[in-house]
Each structure stands twice: as C-alpha cells, then as structure tokens.
Amino acid sequence: MDEFLDGSGQKRGVNMNTAMQSFGYGLTALLFCIAILGVCHNIKKAARKVLKSQQTHKDELP
C-alpha cells in the first residue's frame, strides 16, 4: 500500500499531486511575468531610441 490516508481521509498521493500542480502553476505564472517584463524593457529601450533620434531632428529645424 503505497498511498496512506492522512487525517482528512484523503490519500497523501492526491495531496502531493495537487501541491505539485499548484507549484507548477505558480512557476508558470512567475516565468510569464518575467517574460512580460523583458518584453516591456525592450519596448522601453526602443522607444527611448526613437525619441532620442527625433530630438536630434528637432535641432535641424529652421
């Protein structure tokens, strides 16, 4: 008998599967947030580059 009953009457293996699933969802959410931050960082960098190039063109106006 590999799976034992805990105090709530549920099998310990079922609780472990639920815990691992929750951990997986948490890890996935964390990785998703990191990816979003990376994309936003690149957009911000590109926007600064565009704005800087526009400022140099302003100086050339008569």
Side-chain angles (χ1 to χ4, degrees):
M1 188 158 130
D2 291 330
E3 300 179 78
F4 299 99
L5 295 176
D6 63 3
S8 66
Q10 290 184 333
K11 294 181 179 178
R12 207 180 343 174
V14 173
N15 287 339
M16 185 55 109
N17 288 340
T18 305
M20 288 303 291
Q21 187 177 16
S22 295
F23 176 74
Y25 286 147
L27 189 61
T28 303
L30 184 64
L31 291 174
F32 181 74
C33 289
I34 290 170
I36 294 295
L37 286 172
V39 169
C40 289
H41 178 72
N42 288 338
I43 291 172
K44 187 176 177 183
K45 212 193 277 188
R48 281 186 179 167
K49 198 173 190 180
V50 168
L51 289 174
K52 275 188 177 183
S53 69
Q54 286 179 353
Q55 285 177 352
T56 57
H57 295 306
K58 279 184 183 178
D59 295 338
E60 296 172 2
L61 292 175

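All residue numbers in this chain count up from 1 along the given sequence.
- Between the CD atom in Q54 and the CG atom in L51 there is a gap of 5.5 Å [rounded to 0.5 Å].
- Pairs of residues two or more places apart, or lying in two chains, that qualify as side chain to side chain donor-acceptor pair (under 3.5 Å) and include a residue from residues 21-34 are Q21-Y25.
- For L30, the side chain to side chain contact (heavy atoms under 4.5 Å, CB included) criterion is met by I34, not counting sequence neighbours.
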Without placing hydrogens or testing angles, list every side-chain donor-acceptor pair under 3.5 Å for residues 39-46, not counting sequence neighbours.
none

